[in-house]
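Every number for a ligand or one of its atoms is a count from 1 in the order of the listing.
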Amino acid sequence: MTGTAAIVGTGFVGRAWAIAFARAGWRARMWDADPSVPEAARGLIGELLPELAKNGLLGDASPADVAARLEPCRELETALDGVDWVQESAPERVEVKQALFRDLDRLAPDSAVIGSSTSSIRPSLFTGDLPGRRRCLVVHPINPPYLIPATELVPAPWTAPETVERAREVMLAIGQSPIAMARELDCFVVNRLQGALLEEAFRLVDDGFCGAEDVDRALRDGLALRWSLIGPFETIDLNAPRGIRDYVARYEGMYAGIHEDQKRRVDWSGPVMDRIETERRARLPESAIPDRIRWRDRRLMALMAHMRKARTELGD
Ligand SMILES: NC(=O)c1ccc[n+]([C@@H]2O[C@H](COP(=O)([O-])OP(=O)(O)OC[C@H]3O[C@@H](n4cnc5c(N)ncnc54)[C@H](O)[C@@H]3O)[C@@H](O)[C@H]2O)c1
């Protein structure tokens, strides 16, 4: 399945969506409130495409094929004309989303799904008064979506089930891994899980049980190795001879015992921040952060290339 997507707001996330759609054969129109941004975005994407191709992450397409599907637009009307999908990726402020969704709903064809990349705002807060609110939902990527497939689909109370189903089909068609929520909730699924983990990480360091690097090791050299293949439920299903119920029978008491401690909130920006920041800056000076980001993205590409190959060869 291919079609035309309008990417509205072409900063970090919008650019990444443009790659995800265009790589899958979709035309990606790009519009931004700042008229210089879509053309600049096309340039930045052009620089990235050879690296993606080198890692086998453009499928059958060449960098030139993908680049030819990108269409920077100067007018929002032109960008939305006849599209099948709209992906809003403007700044994370509810009043921006409210104003923009009024225009998107007015200008996009009735048949188009309108998704928002918002990381935390419930869709009911910016779609409620729209005539076309049935075709609106949150489609939240983990940045960058062309490397990380998980994508949260979050309906407002009035989003039509067909809209969610269509969104699921489109996300699967472009190679994403949709998480379709039954109803909306602040911060959705991924950031709630990440928030729970960060809260415990800050607490461990704040209470002086271990340092920041120890927490990073626990994840990087421990849990995350398994989690890059299987999630936490599958992990515990495989960690007891008779599966998940057996695991819970054996270990629920252990986790219940620490639950009381875990309810105490830690002030992330309090004294613990000095300790964590001092440790981080000793390992990575602030001036080295951009290089480290580029390193991370290159390694992530290589990892995704490996995982795609492994899935094809070994089955999923
Ligand atoms: N950065 C992330 O890791 C991440 C991950 C997932 C989702 N998101 C979400 O994606 C959205 C965009 O975030 P980002 O990191 O790409 O921000 P960004 O600042 O990089 O890009 C935002 C773009 O929107 C443009 N813009 C401003 N007002 C606009 C308007 N009214 N209409 C259209 N475009 C407008 C800006 O010119 C800019 O190019 C936010 O809702 C954010 O929460 C971000």
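Shown here are the salt bridge (charged side-chain N to carboxylate O under 4.0 Å, His left out) partners of Arg245, two or more places apart in sequence or in another chain: there are none.
Annotation: atom 37 (O) of ligand 1 to nearest protein heavy atom, Asp32 OD1, 2.6 Å. Distance from atom 15 (O) of ligand 1 to its nearest protein heavy atom, with residue and atom name: Phe12 CB, 3.6 Å. Here the protein heavy atom with the shortest distance to atom 33 (C) of ligand 1 is Trp31 CZ3, 3.5 Å. In terms of protein heavy-atom proximity, atom 9 (C) of ligand 1 is nearest to Ser117 O, 3.3 Å. Of the protein's heavy atoms, Ala90 O, 3.3 Å lies nearest to atom 11 (C) of ligand 1. For atom 22 (C) of ligand 1, the nearest protein heavy atom (residue, atom name, distance) is Ser89 O, 3.7 Å. Atom 32 (N) of ligand 1 has Leu100 CD2, 3.5 Å as its closest protein atom, hydrogens excluded (heavy atom only). When only non-hydrogen protein atoms are considered, atom 29 (C) of ligand 1 lies nearest to Ala33 CB, 3.4 Å.
Using a 4.0 Å cut-off between charged nitrogen and carboxylate oxygen, Asp297 and Arg294 do not count as a salt-bridge pair. Using a cut-off of 4.0 Å between Lys/Arg side-chain N and Asp/Glu carboxylate O, Asp105 and Arg133 are scored as not salt-bridged. Glu162 and Arg166 are not joined by a salt bridge, as no carboxylate oxygen comes within less than 4.0 angstrom of a charged side-chain nitrogen. Between Arg42 and Glu39 a salt bridge is recorded (basic side-chain N to carboxylate O distance below 4.0 Å).
Distance check on atom 3 (O) of ligand 1: some protein heavy atom falls below the 4.0 Å cut-off. At least one protein heavy atom sits closer than 4.0 Å to atom 26 (N) of ligand 1.
The shortest separation from a heavy atom of Lys97 to ligand 1 is under 4.0 Å, placing the residue in contact.
Between the choices Gly11, Ala41, Pro91, the shortest heavy-atom distance to atom 28 (N) of ligand 1 belongs to Pro91.
Of all atoms in ligand 1, numbered sequentially from 1 with element shown, those under 4.0 Å from a heavy atom of His140 are 6 (C), 7 (C). Close contacts of ligand 1 with Val37, meaning ligand atoms under 4.0 Å from a residue heavy atom, involve 39 (O). Within ligand 1, the atoms closer than 4.0 Å to a non-hydrogen atom of Ser119 are 6 (C), 7 (C), 8 (N), 9 (C), 42 (C), 43 (O), 44 (C), numbered from 1 in the order shown.
Of the polar atoms of Thr10, none of the N or O atoms is found under 3.5 Å from an N or O of ligand 1, judged by distance alone. Considering backbone and side-chain atoms alike, Pro141 places every N or O at 3.5 Å or more from each N or O of ligand 1. Considering backbone and side-chain N/O atoms, Glu92 comes within less than 3.5 Å of an N/O atom of ligand 1.
The backbone N or O of Arg264 sits less than 3.5 Å from a side-chain atom of Arg203, completing a donor-acceptor pair.
Using modelled atom types and a 3.5 Å distance limit, the side chains of Thr127 and Trp158 yield a donor-acceptor pair. Inspection of the Ser117 and Gln87 side chains reveals an N or O donor paired with an N or O acceptor under 3.5 Å. Asp267 and Ser269 share a side-chain donor-acceptor pair at under 3.5 Å. A donor and an acceptor atom, one from each side chain of Glu199 and Trp268, are located under 3.5 Å apart.
Here Val13 has heavy atoms under 4.0 Å from ligand 1 in both its backbone and its side chain.
Within 6.0 Å of atom CG in Asp34, more than 12 heavy atoms from other residues, nucleotides or ligands are found, so the atom counts as buried in its surroundings.
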| said: Let's go through Trp31 and Thr78 carefully: what are the C-alpha distance in whole Å and the side-chain angles of both, what is the deciding distance for side-chain hydrogen bond (donor to acceptor under 3.5 Å, both in side chains) to 0.1 Å, and is it a yes or a no? | reply: CA-CA 9 Å; Trp31 182 84; Thr78 323; over 6 Å; no
